[in-house]
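For reference, the structure is listed below as structure tokens.
We use all heavy atoms of the structure for the numbers below, so side chains are in, but hydrogens, waters and symmetry mates are not. Sequence positions, counted from 1, serve as the residue numbers for this chain.
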Amino acid sequence: MSHLNFDTEISSLMKLDAPTSGPAMRWQRKASEVPGCNTSMNRSLNKSLNKSLNASTSSPMKASNRSFHSKTPSKNKTPGKSSRSRTPGKSSKTPSKTPTRGDRFIPNRSATNYELSSFMLTNTVTADPDAELVQSPSKLEYQKLMSDNLNGNQLSSRILSYKNKPPTGPEGFQNNLKVLYSQNKTPGSSRKTIRHIPQAPERILDAPEILDDYYLNLIDWSCHNHLAVSLANNVYLWNAGNGEIKQLMQLENPEDYIGSVSWIKEGNYLAIGTSSGDVQLWDVESSRRLRNMSGHAARVGALSWNAYILSSGSRTGTIHHHDVRVPDHHVGTLAGHTQEVCGLKWSPDGRYLASGANDNLLNIWQPNVNTALHTFSQHQAAVKALAWCPWQSSVLASGGGTADRHIRFWNVSSGACLSSVDTKSQVCALLWSKEHRELLSAHGYAQNQLIVWKYPTMTRIAELLGHTSRILHMAMSPDGSTVVSAAADETLRLWKCFARDPVSKKAAEKGVLGGDRKGGAGSLKMRQSIR
């Protein structure tokens with residue numbers, strides 16, 4: 001009988017169909033170790049395991065693995081956590097999951113400076129949003145420098161600190177892990193280049209006895225690089241090329257004075273308005289007066305050329321058109337102001353004439369029309385500063401006096417106000433840059449400075465300081481790179497604020513050389529028509 005039992009065991013081992021006798025499974029041992037475990041439950045598990053092993057005959061190993069996976073308790077079906085089969089002895093009210101949300105994180109109190117944090121919070125709340133617009137770039141830079149020197153990097157620290165700063169190394173310690181080289185991933189084409197604007201004037205000239213009068217226009221720069229300056233009852237010409245100064249004329253009556261000067265486009269004739277109401281025309285090459293045109297009842301404080309038509313504005317508020325080619329020069333009168341005309345500018349294309357006066361009005365006129373096309377009354381003070389945009393012929397910039405202090409931009413075609421900016425000081429003169437999309441403004445009370453604005457965002461690019469009194473007049477050089485400012489401190493200062501690009505400068509020089517011949521022919525024709 002013993003040999004039969006031995007054969008039976010060998011055959012069962014060869015079949016691998018029946019459960020082999022060996023150590024119990026891990027989960028079986030764990031179940032048996034649980035106190036108070038139900039033996040009936042273990043038996044049922046053993047029976048189910050044996051049935052699954054006997055049922056598969058094709059692939060015993062895969063079947064056994066599959067049966068083990070199907071019956072082995074997983075994370076979600078652990079007997080102690082499953083809703084169907086719970087481990088005996090454990091309460092069903094025990095929470096199935098541990099809480100995942102931690103308590104609030106408390107910063108490191110020893111690393112937090114509460115006085116500095118309180119200052120930063122209160123300073124942020126009470127900060128004026130328009131403070132940067134009111135203050136000049138130089139003042140903001142000065143405040144930043146003083147804050148860095150006095151406070152160090154404290155103001156740039158965090159309000160709440162979560163850890164202490166690492167201790168500083170000993171003197172002479174060199175960190176081997178510091179960054180020696182870095183690469184900027186920003187391509188060169190996308191970098192924004194900041195144009196350098198010199199903060200100091202290139203040259204300072206004396207202008208004794210220049211009148212401190214807001215309503216006059218006493219300087220102008222010709223295309224031949226001659227600067228005309230009116231000092232009391234005299235007119236001087238300064239050659240910017242060689243520095244030569246020449247006196248052009250002097251009024252006979254010592255009580256009279258010059259109210260305005262304006263060059264013709266060709267640069268060979270200079271119009272002069274006097275306090276007696278006369279408009280004189282002078283040939284600068286021969287230093288000879290060609291004609292004297294009367295008609296105004298009060299002083300002439302504004303002049304502007306449109307080809308051979310000279311427009312003049314007087315204290316009475318009237319504007320006269322003079323045709324310098326004919327003996328009967330008076331060809332038109334515009335009566336749109338009730339007080340003194342202090343600003344007068346023809347557009348570069350000759351389609352519009354802008355006039356500003358002490359009645360706070362800005363009028364837009366058309367040639368051969370005696371009624372104003374548009375009348376703007378948004379300014380709250382006298383309108384003297386006028387400038388036409390060189391790349392948009394229908395855009396006009398205007399500046400108001402002390403009570404207004406605004407620069408406003410107008411579309412004269414539609415009559416709409418495009419935008420405005422409060423400069424916080426009296427606006428005396430405006431000039432557009434020929435090379436850049438920028439605008440230069442001259443100011444009087446109370447800051448007496450020049451400001452370079454980026455158009456159309458009207459952000460301050462630079463501030464030019466130096467004058468000790470209000471800046472009354474401005475003029476631009478023929479190449480558009482230099483601006484001269486005349487102030488009540490009896491000085492003329494030349495600022496190189498619109499430097500030209502080298503490439504465009506060479507192209508402009510070629511154009512000037514080619515256009516001198518045409519300009520000479522045009523000036524000769526104008527000379528013959530006037531004589």
Q) Roughly how far, to the nearest 0.5 Å, is CZ of F498 from CE of M476? A) 5.0 Å
**Q.** Enclosure of K265 NZ (heavy-atom neighbours >12, cutoff 6.0 Å)
**A.** no
Q.
Restricting to side chain to side chain contact (heavy atoms under 4.5 Å, CB included), what partner residues turn up for S355, sequence neighbours left out?
A. I319, H337, L344, N363, W365
Q) Taking only residues two or more places apart in sequence or in another chain, which ones pass ring-ring contact (aromatic ring centres under 6.0 Å, His included) with F376? A) H374, W410
Q: Supply the atom-to-atom distance I407 CD1 to M458 CE, rounded to the nearest 0.5 angstrom.
A: 4.5 Å
Q.
Does this structure show an ion pair linking E340 with R299, if we count only N-O contacts that are shorter than 4.0 Å?
A. yes
Q: Using the six-membered ring of Y455, assess whether NZ or CZ of R437 lies under 6.0 Å from its centre and within 45 degrees of the ring axis.
A: no
Q: Evaluate the side chain to side chain contact (heavy atoms under 4.5 Å, CB included) criterion for residues L281 and R289: first the C-alpha distance (whole Å), next the side-chain angles of each, then the deciding distance (0.1 Å), finally the verdict.
A: CA-CA 6 Å; L281 191 63; R289 188 180 72 179; over 6 Å; no
Q: List for me each residue that meets ring-ring contact (aromatic ring centres under 6.0 Å, His included) alongside H436, sequence neighbours excluded, and say none if there are none.
A: none
Q | Set of residues satisfying side-chain hydrogen bond (donor to acceptor under 3.5 Å, both in side chains) with respect to R470, sequence neighbours excluded | A | D212
**Q.** E438: salt bridge (Lys or Arg N to Asp or Glu O under 4.0 Å) partners, not counting sequence neighbours
**A.** R195
Q) Got a sec, which residues hit side chain to side chain contact (heavy atoms under 4.5 Å, CB included) with C389, two or more places apart in sequence or on another chain? A) W391, Q392, V395, W432
**Q.** Test item: side-chain donor near acceptor, T482 and W495, under 3.5 Å
**A.** no
Q: Check side-chain hydrogen bond (donor to acceptor under 3.5 Å, both in side chains) between T459 and all other residues, then give those that pass, not counting sequence neighbours.
A: T457
Q. Do R493 and R203 touch side chain to side chain, with heavy atoms closer than 4.5 Å?
A. no
Q) Does NZ or CZ of K384 come closer than 6.0 Å to the centre of the six-membered ring of Y214, within 45° of the ring's axis? A) yes
**Q.** Residues forming a side-chain hydrogen bond (donor to acceptor under 3.5 Å, both in side chains) with S260, sequence neighbours excluded
**A.** none
Q: Drop me the distance from E435's CD to C497's SG, to the nearest 0.5 angstrom.
A: 12.5 Å
Q: Sorted by first residue and then second, give each side-chain hydrogen bond (donor to acceptor under 3.5 Å, both in side chains) pair with at least one member in residues 247-256; sequence neighbours left out.
A: N234-Q247
Q.
The criterion is ring-ring contact (aromatic ring centres under 6.0 Å, His included); which residues satisfy it with H406, sequence neighbours excluded?
A. none
**Q.** CG (N242) with more than 12 external heavy atoms under 6.0 Å
**A.** yes
Q | Verdict with supporting geometry, T333 and H321, side chain to side chain donor-acceptor pair (under 3.5 Å) | A | CA-CA 6 Å; T333 301; H321 294 316; over 6 Å; no
Q. What residues, two or more places apart in sequence or in another chain, satisfy side-chain hydrogen bond (donor to acceptor under 3.5 Å, both in side chains) together with S425?
A. H443
Q) Side chains of N358 and Q339: donor-acceptor distance under 3.5 Å anywhere? A) yes
Q: With side chain to side chain contact (heavy atoms under 4.5 Å, CB included) as the test, would you mind laying out the steps for V300 and T274 before giving the verdict?
A: CA-CA 6 Å; V300 179; T274 65; 5.9 Å; no
Q) Mind checking whether S485 and L450 have side chains closer than 4.5 Å, heavy atoms only? A) yes
**Q.** Pair T316, H296: side-chain N/O donor-acceptor within cut-off below 3.5 Å
**A.** no
Q.
Please enumerate all residues that pass side chain to side chain contact (heavy atoms under 4.5 Å, CB included) together with A232, with sequence neighbours excluded.
A. E209
